[in-house]
*Asks:* 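Input: one structure, supplied below.
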Number of protein chains: 2
Amino acid sequence: MARAGLTTERLTQAGAELADEVGFDQVTVSALARRFDVKVASLYSHLKNSQDLKTRIALLALEELADRAADALAGRAGKDALTAFADVYRDYAHEHPGRYTAARLRLDPETAAASAGVRHSQMTRAILRGYDLEEPDQTHAVRLLGSVFHGYVSLEMAGGFSHSAPDSQESWSRTLDALDALLRNWPAP
Amino acid sequence: MARAGLTTERLTQAGAELADEVGFDQVTVSALARRFDVKVASLYSHLKNSQDLKTRIALLALEELADRAADALAGRAGKDALTAFADVYRDYAHEHPGRYTAARLRLDPETAAASAGVRHSQMTRAILRGYDLEEPDQTHAVRLLGSVFHGYVSLEMAGGFSHSAPDSQESWSRTLDALDALLRNWPAP
DNA sequence: CTAATTTGCCTAAAGGGTTTAGGCAAATGC
DNA sequence: GCATTTGCCTAAACCCTTTAGGCAAATTAG
C-alpha cells in the first residue's frame, strides 16, 4: 500500500486549514485522518494526542501573526504603527478565524515562553516607544492594548457588533483614534 | 426505584457548578448524570441535547452577571459607576470562571435577543450618560468598554498577566483610570 | 382509596472520537 | 540484495452523545 507522506508539519498545516473551515473546536484527529484518507491510528505516530495537535496549530498561528505584525511594523511609528499592528490582528482573525481562535489557546507556561507570544509583547512595547510612558505605565498600557485588540476582535467574531449601526469598521477606527489619544495623554496616578 | 428529582433548572444549576469546578469545556451530559447518580439517558427528558445544556448555563450566567451589575450600579454615576461595573465582571470571572466562560458562548441571534445580554448593553449605556458623548461616539464607546472588560478578564484568566510585575490588580485600576480619562476627553473624529 | 394516566428514570443500542498495542510492508542504509 | 527502520494498518478498549422503547413511581380522577 502506498504511503501518504504524513509528517507533523503537514498535519499541523492541514489542521490549521481545517480549523479555518470548520472551526477550531471541530478540529479532531479523526477529521484530520479523513482529510488525508488515512486511518486514525496512523496519525498517532506523528502527534502525541489531540491536545498536541491543537497546541501545534496554536503555535503555528502565533508565528504567522507575529510575522505579519513584524512586517507591518517595519518603518512605522506612533499612531501609524499602532493602527498597522492592530489591523494585522483584526485582519488575520477575519481571514483565519480558526487559526485566530487557536492562537488564544491556553498554553502551559513553558510552551508559552518558547512561543512567538514573546515577540508579540516585544512588538507592543516597541509601539509604545512612540509615546511617552515610563514604567510601570508602559506595562499597564501593554496590557490595555492587548485587552482591547483581543476583546474587540473576539466580540466582533462572536457577532456582537453585527446587525447594528454604526458599522463595525467605523467603531474600530474610532477605537484606535481613542487609544492613540489616550496614549498621548496618559493620566497620572 | 426512588426518583432523583431532576428538573431542567436543577440540571442547569448543577451544570454551572460543574463548569466552575472543572471548566466549561468539560461540562458534559455524562458528567452531569454521574453527579446526580443517574443514567445518562435520563437527562434527555429534561435537556434537548448537550448544546442545550451549555446554552442554559450561559443564560444563567448572563442573568447572574446582569443582576450583580444592576446592584452595583444603583446610586452610582461617573467613574464610580464605571469601576463598580467593571469590577463586577472581573470579580464574577474570578469567582465563577466556568460560568464566565459560559457567558461568552456564541448564542444564536434570537436567543441572544431574549437573554440578559440586552440588559448588559443598556447598563453600559447608562454608565456613559455620566460622560458627554453623542451618537455615534456613544456606541463606539460601548463597544470599546465591552472589548476592554472582556479582553482584560479573558487574558487574565488565561494567565497572561501572572508571574510578571506589576500586579494585575494594579494594571486593572490604572486601566480603569485611563478609560475614565479617555471618556472625559473623547477625541473628535 | 383504588384505578387510570402521566411522568421519570431505566435498559439497550448505534454512532463517533481518542488512544494503545502489535503487525506487515515500504523505504532506507550497508 | 539484505537488514533495519519507519509508516500505516487492524484490532480493541474506553468515553461521550443521542434515540427508542419499557416499567414503575407519582399524580389525578372517580
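Computed from a predicted model, the values in this text were never measured in an experiment. Both backbone and side-chain heavy atoms feed into the values below; hydrogens, waters and symmetry mates do not. So you know, we letter chains A, B, ... as the sequences are listed, proteins then strands, and number each from 1.
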*Asks:* Taking 4.0 angstrom as the limit, do B:Arg99 and B:Glu17 come out as a salt bridge?
*Replies:*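 Judged by the 4.0 Å cut-off on N to carboxylate O distance, B:Arg99 and B:Glu17 do not form a salt bridge.
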*Asks:* To the nearest Å, how far apart are A:Lys48 NZ and C:dT20 C1'?
*Replies:*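 These atoms are roughly 15 Å apart.
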*Asks:* Pair B:Asp177, B:Lys79 - check salt bridge (Lys or Arg N to Asp or Glu O under 4.0 Å), show working.
*Replies:* CA-CA 8 Å; B:Asp177 290 346; B:Lys79 190 185 177 188; 2.5 Å; yes
*Asks:* In whole angstrom, what separates A:Leu11's CG from D:dG7's P?
*Replies:* 12 Å
*Asks:* Judged by atom type as modelled, is there a donor-acceptor pair below 3.5 Å linking the side chain of A:His120 to the main-chain atoms of A:Leu62?
*Replies:* yes
*Asks:* Specify the separation, in whole Å, of atom CG of A:Leu47 and atom C1' of C:dG17.
*Replies:*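 Rounded to the whole Å, the gap is 15 Å.
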*Asks:* Within this structure, what is the CG-to-P distance between B:Asn49 and D:dC16, rounded to whole angstrom?
*Replies:* 17 Å
*Asks:* Nearest to the side chain of B:Tyr44 - D:dT19, C:dT19, D:dC9?
*Replies:*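 Among D:dT19, C:dT19, D:dC9, the one nearest the side chain of B:Tyr44 is D:dT19.
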*Asks:* Would you please classify the geometry between the B:Tyr100 ring and the B:Tyr89 ring as parallel, tilted or perpendicular, with 30° and 60° separating the classes?
*Replies:*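 Ring orientation, 0 to 90° scale: perpendicular.
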*Asks:* Between A:Glu63 and A:Arg68, is there a salt bridge with N-O shorter than 4.0 Å?
*Replies:*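 No salt bridge links A:Arg68 with A:Glu63.
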*Asks:* In plain terms, say whether A:Asp132 and A:Arg184 are close enough for a salt bridge, that is, a side-chain N and a carboxylate O under 4.0 Å apart.
*Replies:*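 Judged by the 4.0 Å cut-off on N to carboxylate O distance, A:Asp132 and A:Arg184 do not form a salt bridge.
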*Asks:* Could you check how far CG of A:Leu53 sits from C1' of C:dT19, rounded to whole Å?
*Replies:* 14 Å
*Asks:* Under 4.0 Å between a Lys/Arg side-chain N and an Asp/Glu carboxylate O for A:Arg90 and A:Glu156?
*Replies:* yes
*Asks:* Take atom CD of B:Gln51 and atom P of D:dC16, then tell me their distance rounded to the nearest Å.
*Replies:*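 Rounded to the whole Å, the gap is 18 Å.
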*Asks:* Given atom CG of A:Leu43 and atom P of C:dG17, what is their separation to the nearest angstrom?
*Replies:* 12 Å
*Asks:* With respect to the phosphate group of D:dC8, does any side-chain polar atom (N or O) of A:Ser45 fall under 4.0 Å of OP1 or OP2?
*Replies:* no
*Asks:* Tell me which residues in residues 22-29 of chain A put a heavy atom below 4.0 Å from DNA chain C, sorted by number, or none.
*Replies:*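 Listed by number, they are A:Thr28, A:Val29.
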*Asks:* Output the distance between atom CG (B:Leu133) and atom CZ (B:Arg125), rounded to the nearest 0.5 Å.
*Replies:* 10.5 Å
*Asks:* Would you say C:dT7 has OP1 or OP2 under 4.0 Å from some side-chain N or O of B:His46?
*Replies:*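 Negative; the distance criterion is not met.
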*Asks:* Across the strands shown, which category fits A:Leu6 at heavy-atom distances under 4.0 angstrom: base, sugar-phosphate, nothing?
*Replies:*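 Contact class for A:Leu6: sugar-phosphate only.
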*Asks:* A:Tyr131 and side chain to side chain contact (heavy atoms under 4.5 Å, CB included): which partner among A:Leu183, A:Leu182, A:Asp137?
*Replies:*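 Of the listed residues A:Leu183, A:Leu182, A:Asp137, the side chain to side chain contact (heavy atoms under 4.5 Å, CB included) partner of A:Tyr131 is A:Leu183.
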*Asks:* Taking 4.0 Å as the cut-off, does a side-chain nitrogen or oxygen of B:Ser42 come that near to OP1 or OP2 on C:dC10?
*Replies:*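 Answer is yes, contact under 4.0 Å.
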*Asks:* Tell me, which of residues 30-39 of chain A have any heavy atom that sits under 4.0 Å from an atom in DNA chain D?
*Replies:* A:Val38, A:Lys39
*Asks:* Measuring from the side chain of B:Val40 (C-beta onward, heavy atoms only), which nucleotide among C:dC9, D:dT18, D:dT19 has the closest atom?
*Replies:*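 Closest of the options to the side chain of B:Val40: D:dT18.
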